[in-house]
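Down below is the structure, laid out as structure tokens.
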There are 2 protein chains.
Amino acid sequence: MSITRDVSVSVSEVMNGRASQSPRARCPAPFLLKTFDLLEEEEGEGNERDGRRRRIVSWNEDGNGFVVWSVQEFSEFILPKYFKHNNFSSFIRQLNTYGFKKSAPNRWEFQHEKFQKGNKHLLVEITRKKCEPSVFPSFLKAYTKDSAADVEENNHLLLEENKNLRKEKLELQMQIAQFKALEIKLLDCLSQNMGSQSKVRRTC
Amino acid sequence: MSITRDVSVSVSEVMNGRASQSPRARCPAPFLLKTFDLLEEEEGEGNERDGRRRRIVSWNEDGNGFVVWSVQEFSEFILPKYFKHNNFSSFIRQLNTYGFKKSAPNRWEFQHEKFQKGNKHLLVEITRKKCEPSVFPSFLKAYTKDSAADVEENNHLLLEENKNLRKEKLELQMQIAQFKALEIKLLDCLSQNMGSQSKVRRTC
DNA sequence: GGACAGAACGTTCTAGAACATGTC
DNA sequence: GACATGTTCTAGAACGTTCTGTCC
């Protein structure tokens, strides 16, 4: 009974649902593949075309990120080749969606822990950010969305209860004060009425 | 007593505080002025330089918006001339902050109701979007900013206080119970010790 | 095979947030 | 130093497109 077979599915894949689908299962998101391929093409034979491309976009020195050297050319020539648009901002949006971080000021360099030169297999570990919240079953979304309001409501209820408790406490304290006064009166009565009979201690 | 003099200050100006400041009072935001000037330069004599510029950015046909024709040249040559950066996305962010809307797909055209060719005086009507919420006096900002955390914290404190109040209430109720028991004992003592002397009522 | 619903993914436009800078 | 404004990086939100399982 080898139930350990074929369970090499990462947590992240289960999380974002990729693992449960047939063709796309165990495949990186299209965006990641395209971006990776786009960069791998840099590693070509170094002919004129690749040389030109290398000035537009490339892996960084350490191979743990990439740099868009010419936004204009990247947008005009590279993007439409791999995607259905030529907007640099859309490309950036996708990078952020998949958790990439801009890793240098003054130039368009981005990094992701699992996006490394030569390690295409790591791409499956990269998940859409939107998937993290949606680990919550969707039917809980409404609750999550209104949590702020809920907290406020909770607050209000607590405040009400607090007010009532304070009021009750005050009433109890007044009762106790009356009891104390009563005790004194009773003791007075006792000491007076018992007169010469016997001593009375407060504990009776 | 003409108190109606010099009250030509628009509501929006009062709202965003521009009207209360001296030099900048009744002045459009720097960003708006710069963007407007940048476009007004298009209306020059039409010499070579302006001709070139016109291909980069210009008012639209109706004069109720403008178009950045070449993002690359706009970013490289125009932006650093007027602002402290050359990022097109930062320029876009500012446009959105001031309520401009992208008014055409497939090209970088933006419009704002009060941003019109030849009507520089309308610029004072354009306010930062952030100012709408900050109609709230600024001294409330801290509260507003931390409100979520505050509410949570408040909640926690209330919960603690509630717990203590319940505890105190219980203790008070126990005290009262003891007092009641004591009262009964005292009354017993009284009735016993007074014997034949006189009747004792609980109110003594 | 075709229709269709639901989910994942992509594209676009706008806003949030943190920090920097400048101004009074 | 409080406040408005500017700059940067990231996220929200709406909507469109593609994929996939299901039912007929």
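Only heavy atoms go into these numbers, but all of them, side chains included; no hydrogens, no water, no symmetry mates.
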Rounded interatomic separation in angstrom, taking [atom1] from [X] and [atom2] from [N]:
{"X": "B:Gln94", "N": "C:dC13", "atom1": "CD", "atom2": "C1'", "result": "17 Å"}
{"X": "B:Leu95", "N": "D:dG6", "atom1": "CG", "atom2": "P", "result": "11 Å"}
{"X": "A:Phe91", "N": "C:dG10", "atom1": "CZ", "atom2": "P", "result": "12 Å"}
{"X": "A:Phe110", "N": "D:dT8", "atom1": "CZ", "atom2": "P", "result": "13 Å"}
{"X": "B:Arg93", "N": "D:dT7", "atom1": "CZ", "atom2": "C1'", "result": "10 Å"}
{"X": "A:Glu109", "N": "D:dT8", "atom1": "CD", "atom2": "C1'", "result": "16 Å"}
{"X": "B:Arg128", "N": "D:dT7", "atom1": "CZ", "atom2": "C1'", "result": "10 Å"}
{"X": "A:Leu32", "N": "C:dA8", "atom1": "CG", "atom2": "P", "result": "16 Å"}

Nearest atoms (heavy-atom pairs only) where B:Leu39 meets B:Phe115 = CD1-CE2, 3.6 Å
Could I get the full list of salt bridge (Lys or Arg N to Asp or Glu O under 4.0 Å) partners for B:Glu113, not counting sequence neighbours?
-> none
Does B:Lys120 have any salt bridge (Lys or Arg N to Asp or Glu O under 4.0 Å) partners at least two apart in sequence or in another chain, and if so, which?
-> B:Asp37
Given [options], identify the nucleotide with an atom nearest to the side chain of [X].
{"X": "B:Lys84", "options": "D:dT10, D:dT7, C:dT11", "answer": "D:dT7"}
{"X": "B:Phe83", "options": "D:dT7, C:dG10, D:dT10", "answer": "D:dT7"}
{"X": "B:Tyr98", "options": "C:dT14, D:dG6, C:dT12", "answer": "D:dG6"}
{"X": "A:Asn87", "options": "D:dT8, C:dT12, D:dT10", "answer": "C:dT12"}

[X] vs [N]: side-chain N/O to OP1/OP2 distance below 4.0 Å:
{"X": "B:Lys102", "N": "C:dC13", "answer": "yes"}
{"X": "B:Lys129", "N": "C:dT14", "answer": "no"}
{"X": "B:His85", "N": "D:dG6", "answer": "no"}

Check: B:His112 side chain, B:Tyr98 main-chain N or O, donor-acceptor pair, under 3.5 Å | yes
Quick one: does B:Lys102's side chain have a donor or acceptor within less than 3.5 Å of a partner on B:Arg107's backbone?
-> yes
